[in-house]
Protein chains: 2
Amino acid sequence: MSDRERSKVLGGLLIAAADASRAAFAEAVSEQGFTPTQARALFALVEPMPMRSLADQMACDASNITGIADQLHALGLVQRVPGEDRRVKLLTLTAAGERRRAQLEQQVRDSTFPIDRLTTAEQDRLEELLRKLTGEATAPGATPRQPAATSRR
Amino acid sequence: MSDRERSKVLGGLLIAAADASRAAFAEAVSEQGFTPTQARALFALVEPMPMRSLADQMACDASNITGIADQLHALGLVQRVPGEDRRVKLLTLTAAGERRRAQLEQQVRDSTFPIDRLTTAEQDRLEELLRKLTGEATAPGATPRQPAATSRR
DNA sequence: AGTCGATGGTTGACTTAGTCAAGTAACGGC
DNA sequence: GCCGTTACTTGACTAAGTCAACCATCGACT
């Protein structure tokens with residue numbers, strides 16, 4: 001009984017925390033005139049990438065990508081470059097796209113997020129818990145567990 | 001550099017965890033034919049409540065509630081009972097509404113959520129971190145920090 | 001008493017994000 | 001050369017939420 005109630009409260013808390021993070025992200029990128037999804041796409045496009053891959057990476061339907069690509073294209077930020085396989089189109093940042101992406105990255109870097117309220121040690125602990133919660137292994141490749149000094153901020 | 005990157009990864013992790021929780025909830029309630037928002041409304045309506053209050057509690061625009069109330073009314077689960085203040089309408093569960101609500105509660109109780117992967121101790125720790133992260137004090141009134149045994153209620 | 005600003009609820013137009021099904025074009029194995 | 005699969009597009013649809021405008025009522029104040 002109580003355990004279940006607990007789950008519910010905690011779930012709510014978790015979702016609230018995530019929403020706050022999302023909102024902070026949305027806020028940051030909107031200052032550059034982007035929607036969160038556009039921003040996510042821009043961030044994903046470090047290098048040319050088939051639309052299908054982008055869909056996978058953003059965990060959404062492929063048909064979504066068409067629209068996002070259209071929007072970013074209308075802004076002159078991406079191009080559809082035909083791939084070797086002539087079915088695929090490689091989404092590629094234009095020069096302007098690279099520029100905007102860098103600006104956006106700076107913007108996000110300069111914004112503060114709810115997570116910044118935690119010390120590095122706490123962040124470590126949180127990461128561990130979240131990974132266990134989502135059923136992921138300790139680390140997927142990045143994040144090779146660092147000594148965790150007491151961060152600034 | 002690393003601190004900021006860290007934030008980003010962690011933020012993603014947090015959001016992923018929340019999404020998983022949300023999905024589990026959506027899955028559970030959809031088995032009873034409800035959307036998550038309908039379910040949230042149903043859960044909130046332990047007792048008759050002005051639409052405005054429900055909007056506050058669900059942290060959404062009042063105009064949203066109109067629609068949700070309409071849907072639940074169409075299902076015969078709620079009624080708009082005029083309040084003392086004749087502007088307000090008290091959303092009230094019908095007998096059928098009470099029944100469905102109970103079933104739904106059972107359903108949710110019986111479903112497992114990502115959070116259940118954590119031990120009670122881990123859940124405590126997570127709660128603490130999340131509260132700090134969202135800037136909340138330890139507890140808003142409920143949850144007066146207990147020794148985390150299998151508690152009452 | 002009467003006026004007026006604030007409040008509760010509704011409506012309609014709009015946005016974001018996502019799904020799904022169907023269609024076209026190209027790929028690759030047989 | 002056919003056929004099943006894959007990549008992208010399109011269009012219709014849904015869930016959810018925002019915003020502005022509106023009506024009725026409230027309550028405070030002159």
Side-chain angles (χ1 to χ4, degrees), chain A residues 15-16 18-20 22-23 25-30 32-45 48-75 78-92, chain B residues 15-16 18-20 22-23 25-30 32-45 48-75 78-92:
Chain A
I15 287 177
D19 282 349
R22 238 190 276 261
F25 182 72
E27 161 78 20
V29 303
S30 87
Q32 303 255 342
F34 292 111
T35 67
T37 353
Q38 289 169 343
R40 282 210 300 146
L42 275 185
F43 282 135
L45 288 177
M49 173 181 266
M51 302 181 67
R52 179 66 247 210
S53 312
L54 185 55
D56 288 343
Q57 192 161 324
M58 295 182 59
C60 69
D61 195 276
S63 66
N64 264 321
I65 304 300
T66 301
I68 298 171
D70 285 349
Q71 296 163 12
L72 293 179
H73 179 72
L75 296 170
V78 305
Q79 270 182 326
R80 287 170 162 93
V81 176
E84 201 173 317
D85 180 336
R86 280 186 313 175
R87 288 171 304 178
V88 335
K89 302 177 186 169
L90 297 165
L91 284 190
T92 311
Chain B
I15 288 177
D19 283 349
R22 241 191 273 263
F25 182 72
E27 161 78 19
V29 302
S30 86
Q32 303 256 342
F34 293 110
T35 67
T37 353
Q38 289 170 343
R40 282 209 301 145
L42 232 35
F43 281 135
L45 289 177
M49 173 182 267
M51 302 181 67
R52 178 69 246 207
S53 312
L54 185 54
D56 288 344
Q57 192 161 324
M58 295 181 60
C60 70
D61 196 275
S63 65
N64 264 320
I65 303 299
T66 301
I68 298 170
D70 285 349
Q71 296 162 12
L72 294 180
H73 178 72
L75 295 171
V78 304
Q79 268 183 325
R80 288 170 164 92
V81 176
E84 202 173 318
D85 180 337
R86 280 187 312 175
R87 288 172 303 179
V88 335
K89 300 177 187 170
L90 297 165
L91 284 190
T92 311

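Per chain, numbering begins at 1; letters A, B, ... match sequence-line order. All values reported here derive from a predicted model rather than from experimental measurement.
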Ignoring the backbone of A:Thr37, work out which of D:dA15, D:dT9, C:dG18 is nearest its side chain.
C:dG18
From CD of B:Glu84 over to P of C:dG8, roughly how many Å is that when rounded to an integer?
15 Å
Taking only residues two or more places apart in sequence, or in another chain, which ones meet B:Gln71 in a side-chain hydrogen bond (donor to acceptor under 3.5 Å, both in side chains)?
B:Gln38
Please classify the nucleic acid contact of A:Thr35 as base, sugar-phosphate, or nothing, using heavy-atom distances under 4.0 Å.
sugar-phosphate
Take A:Arg52 and A:Asp85 through the salt bridge (Lys or Arg N to Asp or Glu O under 4.0 Å) test and state the conclusion after the steps.
CA-CA 13 Å; A:Arg52 179 66 247 210; A:Asp85 180 336; over 6 Å; no
So if I take every side-chain heavy atom of B:Arg87 and compare against C:dT11, D:dA24, D:dG17, which nucleotide ends up nearest?
D:dA24
Distance in angstrom units between B:Arg80 CZ and C:dG8 P, rounded
16 Å
Can you check whether A:Leu90's main-chain N or O pairs, donor with acceptor, with A:Thr92's side chain at less than 3.5 Å?
yes
Which whole-number value in Å describes the distance from A:Arg22 CZ to C:dT16 P?
16 Å
Using whole Å, what does the distance between atom C1' of nucleotide D:dG17 and atom CD of B:Gln71 come to?
13 Å
Is there, by distance only and without an angle test, a donor paired with an acceptor across the side chain of A:Ser63 and the base of D:dC8 below 3.5 Å?
no
Round to a whole Å and report the spacing from CZ of A:Arg52 to C1' of C:dC27.
16 Å
Among D:dT18, C:dT19, D:dC8, the one nearest B:Cys60 by side-chain distance:
D:dT18
I need the CD1-C1' distance between B:Ile65 and C:dT10, as an integer number of Å.
13 Å
Quick one: pull up CD in B:Gln79 and CG in B:Leu72 and give me the separation to the nearest 0.5 Å.
12.5 Å
Tell me: NE2 of A:His73 to P of D:dT9, nearest whole Å?
11 Å
For B:Asp85 and A:Gly67, find the nucleotide of DNA chain D closest to each by heavy atoms; which residue's nucleotide sits nearer the 5' end?
A:Gly67
If each of B:Asn64 and A:Asn64 is mapped to the nucleotide of DNA chain C with the nearest heavy atom, which maps nearer the 5' terminus, i.e. the 5' end?
B:Asn64
Assess whether one donor atom and one acceptor atom, taken from the side chain of B:Arg86 and the base of D:dT25, lie less than 3.5 Å apart.
no
So, the side chain of A:His73 versus the backbone of A:Val78: is there a donor-acceptor pair under 3.5 Å, distance only?
yes
I need the CG-C1' distance between A:Asp61 and D:dC13, as an integer number of Å.
13 Å
